[in-house]
Amino acid sequence: MAMEITNNYSSYTASYTDTMKKTNSKAATEVKTSASTNSKDKVQAYYEQLCKKFPQINFNTNGGILPSNSGKVTVNLSYDCLKKMANDPEFAKEIEWNLSGEVAANSMVYGWAQRDGVVLGGRTVTYDANGNRQSSCGGMRTANTGNGNSNTNKTQKKYKKEEERWLKARRKREEKEKLAKKRAEKKTEEEKAVERRAERKIVNDSRRGRGTDEYTTNAIGTDIKDVTQKVIAASLGTSTPTGASLDIEA
């Protein structure tokens with residue numbers, strides 16, 4: 001009988017353990033799924049915000065390389081880069097600075113091509129997982145002959161170099177503007193500090209009885225006439241006049 005009880009208990013224990021494993025496994029799966037969903041929702045929310053911030057840019061985050069044209073800018077943004085932007089505000093700020101110049105850069109490159117009599121078949125812009133930017137031009141041909149451009153690589157390098165120089169100049173200009181703004185703000189703050197110190201000095205002087213029109217004068221005399229004369233003399237900064245008279249009617 002004891003053996004039977006032991007066997008039943010063992011069977012029950014095994015069944016209970018198996019049930020708990022399944023329950024715990026299910027709970028862990030639910031937590032993992034929930035965390036994954038929250039993370040995905042955060043990236044999606046940031047992506048929608050990014051599209052609203054840069055309405056002139058078409059973002060491709062699905063892989064592959066899509067080209068831009070003279071009228072529409074396409075940025076091939078790595079999904080890993082997008083995810084990092086959604087979770088790292090400082091990293092996002094850096095990438096967004098570059099994105100803020102993409103429309104102007106695209107317009108400039110096509111303007112250079114038109115100036116040189118070159119037709120661009122397309123231009124690509126990519127940002128890898130670490131946010132490194134890369135741009136290139138393809139399908140070039142001369143506008144006047146329609147023949148393949150024998151100096152395509154040379155022209156590509158030329159436009160790439162000009163674009164990089166423009167981006168550096170843009171960053172330098174904006175940094176200079178930020179520095180000037182910071183200096184102006186500092187100067188304004190210093191001027192306000194001087195004003196605050198001057199105001200405090202006026203208040204302190206007023207409390208000590210200096211720099212105001214109100215003050216106290218003590219005078220001692222034999223009668224009201226004598227005292228009054230001394231008060232008047234003190235207010236005028238003179239001595240009490242000898243032989244002066246002051247008539248006071250009752």
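For the single chain, residues carry numbers from 1 onward in sequence order. Worth knowing before you read on, the calculation uses all heavy atoms, side chains too, and leaves out hydrogens, waters and symmetry mates.
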Using side-chain heavy atoms (C-beta onward) and a distance below 4.5 Å, is [X] in contact with [Y]?
| X | Y | result |
| --- | --- | --- |
| Lys42 | Asn87 | yes |
| Lys186 | Glu189 | no |
| Tyr127 | Glu102 | yes |
| Leu50 | Leu77 | yes |
| Arg200 | Arg196 | yes |
| Phe54 | Val75 | no |
| Leu120 | Val118 | yes |
| Arg133 | Leu167 | yes |

Would Leu99 end up clustered with Tyr79 when hydrophobic side chains under 4.5 Å apart are linked, directly or stepwise?
-> yes

Path from Phe91 to Phe59 over hydrophobic side-chain contacts below 4.5 Å |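 Linked, Phe91 and Phe59 end up in one cluster.
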
To the nearest 0.5 Å, tell me how far [X] [atom1] sits from [Y] [atom2].
| X | Y | atom1 | atom2 | value |
| --- | --- | --- | --- | --- |
| Gln44 | Thr61 | CD | OG1 | 8.5 Å |
| Lys72 | Leu66 | NZ | CG | 12.5 Å |
| Arg197 | Glu195 | CZ | CD | 10.5 Å |
| Tyr46 | Lys53 | OH | NZ | 7.0 Å |

Within the distance-only criterion (no hydrogens, no angle test), does the side chain of [X] pair as donor or acceptor with the backbone N or O of [Y] below 3.5 angstrom?
| X | Y | answer |
| --- | --- | --- |
| Asn76 | Asn60 | no |
| Ser107 | Ala104 | no |
| Ser135 | Val125 | no |

Is it the case that atom [atom1] in [X] sees more than 12 heavy atoms from other parts of the structure closer than 6.0 Å?
| X | atom1 | value |
| --- | --- | --- |
| Glu96 | CD | yes |
| Glu48 | CD | yes |
| Lys201 | NZ | no |
| Arg183 | CZ | no |

Taking all non-hydrogen atoms of both residues into account, name the closest pair between [X] and [Y] and its distance.
| X | Y | value |
| --- | --- | --- |
| Arg123 | Ala105 | NH2-CB, 4.0 Å |
| Ala113 | Tyr159 | CA-OH, 3.1 Å |
| Asn132 | Asp128 | N-OD1, 2.8 Å |

Name of the residue among Thr124, Asn58, Asn106 meeting side chain to side chain contact (heavy atoms under 4.5 Å, CB included) with Thr74 = Asn58

